[in-house]
Amino acid sequence: MVVTRFAPSPTGYLHVGGLRTALYAYLFAKKAGGKLILRIEDTDQNRQVEGAEENLIKSLEWAGLSFDEGPHVGGDNGPYRQSDRTELYQKYSQELIDNGKAYKCFCSSERLEEVRQKQEASKLPTGYDGHCRGLTESEVQSKREEGLSHVVRLKVPKEELIVFEDIVRGKVKFASHLVDDQVLLKSDSFPTYHLANVVDDHLMGVTHVIRGEEWLPSTPKHILLYKAFGWEAPQFSHLPLILNEDRSKLSKRQGDVAVEDYMAKGYKKEELNNFIAFLGWNPGGTREIYSLEELVAEFDLNKVQKAGAVFNLEKLNWFREIWKQRQLKEYAEEKGLNIEAQQTKQGGFKLNVIGDEGRYIFAEKLHEIVAEHLDSKEERDELFLKRCLYAVKDKIVSEPQKVNEFISFYFDAPELNNDFFLSERMGVDLPMASKALAICIKELRGSENWDENHIKEVLITAIKESGLKNGQVLWPMRVALTHVEFSPGAFESAWVLGKEKTIARLEEAAAAIV
Ligand code: GLU
């Protein structure tokens with residue numbers, strides 16, 4: 001059975017790179033009908049952060065990644081926190097010593113520092129010089145009696161080519177003489193990452209190790225450890241780095257890197273998971289919108305790229321936009337609204353809700369999307385606000401944070417700029433605009449029904465009778481209603497404003513032109 005794991009060190013929060021590792025491990029395990037384990041690698045006591053584990057688990061749960069085993073769900077291979085397993089590491093470290101695969105090293109930090117400086121001065125690769133590698137049993141004994149503290153180091157073979165097949169990177173080779181005699185157990189008897197990681201992966205039956213590329217240099221050490229124990233090594237997959245736009249390694253300085261930051265900004269798990277899944281992988285073809293279940297069905301480690309993947313916020317927002325369109329459609333369907341939905345090439349939807357009542361219900365969901373960004377204005381007419389939100393629904397899903405900008409002209413129109421009326425393409429000059437506004441005023445004044453379709457019907461009929469082109473009337477009408485260059489169309493804007501305000505703005509504009 002496939003068994004994989006996510007093995008974060010609890011350093012405070014879940015990094016987006018960590019989420020990608022966890023997501024890939026989840027997708028891989030689920031697709032194979034295997035098992036996913038959460039293991040907390042907390043042996044570096046200096047880096048412990050209060051509440052870090054809870055925080056990690058919270059972010060993973062938010063993303064919908066369920067684990068078959070872990071500190072939060074239990075399981076047969078626990079404990080799942082390395083700090084609760086220290087005796088095991090000590091036992092296995094002793095086993096290596098007994099088999100001559102590891103040795104006790106009594107070198108002081110001063111000596112190690114001296115060695116390092118000398119190596120640096122002679123431009124040699126730095127590393128442990130093997131000083132304690134050949135200590136006899138009795139030498140070890142006497143050093144212990146002297147009360148000297150020690151670490152345990154792996155006896156790395158001098159000349160061995162370490163080769164392994166990485167699912168992502170293909171054949172990887174390391175020469176053992178470049179691998180340091182790695183510390184396995186520190187002087188406080190706590191294991192290093194290497195020992196704990198290998199012992200746990202073995203004992204937990206992990207068949208596939210999926211982790212970031214930054215762990216690639218550790219892998220030869222792990223392979224040597226598996227050999228020293230006489231254990232079969234799991235299959236490795238090292239995922240490409242995640243990069244900033246300038247191709248430097250993704251860092252906090254250039255934007256948010258914690259999953260919780262995106263949670264706080266209102267991103268939804270579908271949006272983030274979909275985006276993160278595509279950071280270094282794609283199923284081929286042009287389709288990009290996938291739910292978690294669909295990702296499980298498609299995921300393939302063999303299709304993970306080697307090259308670094310750029311974290312592009314615009315792309316994340318694109319995913320958000322498409323997912324929001326889908327969520328809105330689902331919402332409309334759940335509420336039984338009368339809608340026309342047109343699927344876009346990207347997998348989203350353009351929606352039209354028919355009837356005011358449905359639009360008001362629909363606007364409640366829009367309100368939810370923009371709530372945190374919306375300027376609170378006292379005495380704002382709720383229905384008016386809902387109509388505004390409905391009119392800019394497509395813009396809201398792509399840039400919810402700009403909602404105030406999108407709707408402000410319905411509340412307070414900016415000063416009218418007559419130049420906006422002019423459109424060569426539409427064939428509109430000021431006299432034409434004036435004529436157009438007169439038609440609109442005349443027709444709409446008499447209209448009792450303010451349904452958008454009705455407004456449209458009335459005007460289209462009148463335009464036909466006048467012999468003008470649609471654009472020659474509707475363009476000036478839209479400018480008169482909104483005073484801005486770009487806005488929702490004339491009919492929709494009239495519907496938003498309501499009859500009274502519509503007529504007032506048309507009259508005001510008509511007066512300003514002559
Ligand atoms: N504890 C390591 C980390 O924080 C785990 C690396 C691995 O998966 O082996 O990423």
Side-chain angles (χ1 to χ4, degrees), residues 4-11 13-29 36-39 41 44 47 56 60 65 125 161-176 178-180 182 192-194 196-198 200-201 206-226 233-259 272-273 275-283 295 299-312 315-316:
T4 188
R5 74 336 184 243
F6 178 52
S9 299
T11 49
Y13 59 88
L14 180 62
H15 190 278
V16 288
L19 176 60
R20 188 198 49 186
T21 304
L23 177 63
Y24 283 14
Y26 172 89
L27 298 176
F28 180 73
L36 176 63
I37 299 175
L38 177 65
R39 183 174 72 228
E41 302 212 322
D44 190 346
R47 289 173 62 201
L56 265 169
L60 290 167
L65 304 186
L161 192 62
I162 305 157
V163 186
F164 64 95
E165 207 50 60
D166 188 289
I167 297 179
V168 175
R169 315 190 65 85
K171 211 181 253 338
V172 184
K173 296 180 186 169
F174 283 93
S176 71
L178 296 175
V179 179
D180 210 5
Q182 214 52 62
T192 56
Y193 155 68
H194 305 295
N197 189 270
V198 165
D200 286 350
D201 279 342
V206 170
T207 58
H208 290 78
V209 167
I210 299 169
R211 62 186 174 200
E213 187 180 299
E214 63 274 28
W215 302 102
L216 190 59
S218 299
T219 310
K221 299 164 192 169
H222 299 177
I223 302 261
L224 288 172
L225 267 169
Y226 282 107
Q235 285 235 276
F236 292 97
S237 302
H238 287 91
L239 309 178
L241 291 177
I242 301 182
L243 308 172
N244 292 310
E245 301 272 358
D246 64 5
R247 304 200 69 83
S248 58
K249 197 174 165 194
L250 189 68
S251 66
K252 252 192 255 188
R253 256 171 300 127
Q254 299 198 25
D256 292 324
V257 295
V259 171
L272 197 62
N273 283 341
F275 167 70
I276 295 276
F278 274 74
L279 282 179
W281 169 83
N282 76 75
L295 287 170
F299 189 69
D300 182 354
L301 273 177
N302 289 298
K303 287 189 182 158
V304 173
Q305 71 194 39
K306 274 188 256 182
V310 174
F311 188 98
N312 178 321
K315 187 73 194 187
L316 169 58

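Values below: all heavy atoms of this structure, side chains included; hydrogens, waters and symmetry mates excluded.
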Q | For T21 against R211, the heavy-atom pair lying closest together | A | CG2-CA, 3.9 Å
Q: Give the minimum heavy-atom separation between P240 and G280, together with the two atoms involved.
A: CG-CA, 4.2 Å
**Q.** Residue pair T219 / R169, side-chain heavy-atom distance below 4.5 Å
**A.** no
Q) Could you state the interatomic distance from CG (L65) to CG (L38), rounded to the nearest 0.5 Å? A) 10.5 Å
Q.
Within the structure provided, determine whether N282 and K303 are in side-chain contact (heavy-atom separation under 4.5 Å).
A. no
Q. Measuring from E213:CD to L241:CG, what's the distance to the nearest 0.5 Å?
A. 4.0 Å
**Q.** Derivation of the side chain to side chain contact (heavy atoms under 4.5 Å, CB included) call for Q182 and T192
**A.** CA-CA 9 Å; Q182 214 52 62; T192 56; 5.7 Å; no
Q. Passes side chain to side chain contact (heavy atoms under 4.5 Å, CB included), K315 versus L279? Steps please.
A. CA-CA 10 Å; K315 187 73 194 187; L279 282 179; over 6 Å; no
Q. Shortest non-hydrogen contact from F6 to L36?
A. N-CD1, 4.1 Å
Q. Counting only heavy atoms not in K249, do more than 12 fall under 6.0 Å of its NZ?
A. no
(Q) Looking at every heavy atom in both T4 and V206, which two are closest together, and how far apart are they? (A) CA-CG1, 4.4 Å
Q. Side chains of D201 and R39: closer than 4.5 Å at any heavy-atom pair?
A. yes
Q.
I'd like to know if the side chain of Y24 reaches the main chain of A277, judged simply by a donor and an acceptor atom lying under 3.5 Å from each other, with no hydrogens or angles considered.
A. yes
**Q.** Over all atoms of both residues, closest heavy-atom pair of L56 and P8
**A.** CD1-CG, 3.8 Å
Q) Is the backbone of N302 close enough, under 3.5 Å, to the side chain of D300 for a donor and an acceptor to pair up by distance? A) yes
Q. Judged by atom type as modelled, is there a donor-acceptor pair below 3.5 Å linking the side chain of D166 to the main-chain atoms of V168?
A. yes
Q: Look at the rings of W281 and F299 and say which category their plane angle falls in: under 30° parallel, 30 to 60° tilted, over 60° perpendicular.
A: tilted
Q) Is there a side-chain contact between I210 and I167 (heavy atoms, below 4.5 Å)? A) no
Q. Looking only at heavy atoms, what is the nearest atom pair of L225 and H194, with distance?
A. CD1-O, 3.8 Å
(Q) With rounding to the nearest 0.5 angstrom, report the CZ to NE2 distance, R20 to H15. (A) 10.5 Å
Q: Report the distance from atom CG of D200 to atom CD of E41, rounding to the nearest 0.5 Å.
A: 7.0 Å
(Q) Rounded at 0.5 Å granularity, tell me how far CG in L19 sits from OH in Y26. (A) 12.5 Å
Q: Would you give the length of the straight line joining atom CG of L250 to atom CD of E245, rounded to the nearest 0.5 angstrom?
A: 10.0 Å
(Q) By the definition ring pair (Phe, Tyr, Trp, His ring centres under 6.0 Å), identify the one residue from W215, F236, Y193, F164 that meets it with H222. (A) Y193
